[in-house]
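What follows is a short report on a single structure.
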Amino acid sequence: MLVTLVAPYVDTSAADLSLALDDTPRPALHVLQVDLPGAVQVRLRLLGASHQVVLRTPGTVLTETVACLPGRRPDLPDRVQDESTGYRFTATVLRPDDEGLRERVAGLRADLADDPYALVGVFPGDVDAVTALAVRPGRSGGALGWRTWHAYPQTRELVLTETVVTPR
């Protein structure tokens with residue numbers, strides 16, 4: 001689902017992002033709820049300051065927030081793995097040239113616009129200022145995954161995250 005957001009673009013660069021787990025729900029600009037087999041529910045939440053994913057399974061509630069978080073020192077780790085919860089997270093920052101960023105973001109919008117498991121938010125003022133999230137159900141071993149993309153045209157950065165949760 002592709003949505004045009006009516007909100008100022010508040011992220012400034014990849015260096016301003018933090019990862020918070022089990023954060024409280026933040027005010028969302030748009031929410032897509034994805035209901036999956038086995039009473040699994042994923043809420044993809046576009047924030048004015050990036051994204052939040054809320055995963056609910058019969059016995060688990062997990063909230064992942066990647067955003068500029070007021071009062072929190074920016075810290076987006078390359079990798080997080082928690083064996084006790086089955087949570088695995090990776091983040092990569094790409095720095096393509098202007099044309100490369102435009103091409104990647106245009107491809108992302110085209111690929112995810114009609115995907116029922118995806119949410120793409122375009123911020124006003126620049127069609128390349130996007131935050132996108134996509135759930136990928138049906139992984140092996142009962143795992144559930146999602147990917148996110150945060151494009152910062154003003155700094156020519158594209159932040160990619162991938163999360164996999166394997167219920168314990």
Side-chain angles (χ1 to χ4, degrees), residues 1-5 7 9-11 14 16-94 105 108-109 111-123 129-152 158-168:
M1 172 186 296
L2 181 66
V3 296
T4 300
L5 302 170
Y9 186 61
V10 298
D11 286 351
D16 294 330
L17 294 174
S18 293
L19 169 67
L21 296 175
D22 298 324
D23 193 18
T24 59
R26 303 247 172 202
L29 301 173
H30 202 87
V31 177
L32 175 65
Q33 182 169 307
V34 178
D35 294 315
L36 300 171
V40 174
Q41 180 185 80
V42 181
R43 285 196 182 137
L44 304 177
R45 301 168 50 82
L46 289 172
L47 309 179
S50 287
H51 88 260
Q52 189 170 59
V53 176
V54 180
L55 170 65
R56 293 181 188 278
T57 67
T60 303
V61 175
L62 181 130
T63 302
E64 172 190 276
T65 306
V66 172
C68 299
L69 299 170
R72 187 180 184 116
R73 185 177 67 77
D75 181 25
L76 184 65
D78 294 337
R79 180 174 306 277
V80 172
Q81 188 162 342
D82 183 345
E83 293 297 329
S84 67
T85 61
Y87 178 83
R88 191 173 71 232
F89 171 90
T90 59
T92 304
V93 179
L94 303 177
V105 172
L108 184 64
R109 284 192 313 264
D111 290 347
L112 299 179
D114 297 321
D115 185 335
Y117 296 113
L119 179 58
V120 180
V122 180
F123 288 86
V130 302
T131 297
L133 304 93
V135 174
R136 294 296 168 238
R139 291 175 151 300
S140 64
L144 174 71
W146 57 85
R147 297 182 71 192
T148 73
W149 300 262
H150 305 260
Y152 302 100
L158 183 60
V159 178
L160 313 172
T161 74
E162 184 168 9
T163 301
V164 176
V165 179
T166 305
R168 298 288 173 205

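- Shown here for Val159 and Ala14, the closest heavy-atom pair between the two residues is CG2-CB, 3.4 Å.
- The CZ atom of Arg72 sits 7.0 Å away from the CG atom of Asp23 when rounded to the nearest 0.5 Å.
- Side-chain contact between Trp146 and Val165 is present, with heavy atoms from C-beta onward closer than 4.5 Å.
- When all heavy atoms of Ser84 and Asp82 are compared, the pair lying nearest together is OG-OD1, 2.5 Å.
- Side-chain contact between Val34 and Leu32: present, with at least one pair of heavy atoms (C-beta onward) separated by less than 4.5 Å.
- In this structure, Leu19 and Thr161 have side chains that are not in contact, with every pair of non-hydrogen atoms separated by 4.5 Å or more.
- Separation of atoms CZ (Arg147) and CD (Glu162) is listed at 5.5 Å; rounding is to 0.5 Å.
- How far CG of Leu2 is from NE2 of His30: 10.0 Å, rounded to the nearest 0.5 Å.
- Closest approach of Leu108 and Ala132 over heavy atoms only: CD2-CB, 3.9 Å.
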Discussion item. Show, in sequence, the C-alpha distance, side-chain angles and deciding distance for Leu46 and Val3, and conclude whether the side chain to side chain contact (heavy atoms under 4.5 Å, CB included) test is met.
Written reply: CA-CA 10 Å; Leu46 289 172; Val3 296; 4.0 Å; yes
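- Atom OH of residue Tyr87 and atom CG of residue Leu55 lie 10.5 Å apart, to the nearest 0.5 angstrom.
- Between Phe123 and Leu29 there is a side-chain heavy-atom pair separated by less than 4.5 Å.
- A donor-acceptor pair under 3.5 Å is absent between the side-chain atoms of Thr163 and the main chain of Phe89, judged by distance alone.
- The line from CG of Leu133 to CD of Glu64 is 9.0 Å long, rounded to the nearest 0.5 Å.
- From Asp22, atom CG reaches atom OG1 of Thr65 across 9.0 Å, with rounding to the nearest 0.5 Å.
- Shortest non-hydrogen contact noted between Leu47 and Pro27 is CD2-O, 3.4 Å.
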Item to complete: Go through Thr148 and Val66 one step at a time and tell me if the side chain to side chain contact (heavy atoms under 4.5 Å, CB included) criterion holds.
Response: CA-CA 9 Å; Thr148 73; Val66 172; 5.8 Å; no
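- Scanning both residues, Pro77 and Ala91, for their nearest heavy atoms gives O-CB, 3.5 Å.
- Atom CG of Asp78 has 12 or fewer neighbouring heavy atoms from other residues, nucleotides or ligands inside a 6.0 Å radius.
- Two residues are said to be in side-chain contact when any heavy atoms from C-beta on lie closer than 4.5 Å; Leu44 and Tyr117 fail this criterion.
- In this model, no donor atom of one side chain and acceptor atom of the other lie less than 3.5 Å apart for Thr131 and Ser50.
- A donor-acceptor contact shorter than 3.5 Å is absent between the side chain of Arg56 and the backbone of Arg43.
- The two atoms that bring Thr63 and Gln52 nearest to each other are CG2-NE2, 3.6 Å, heavy atoms only.
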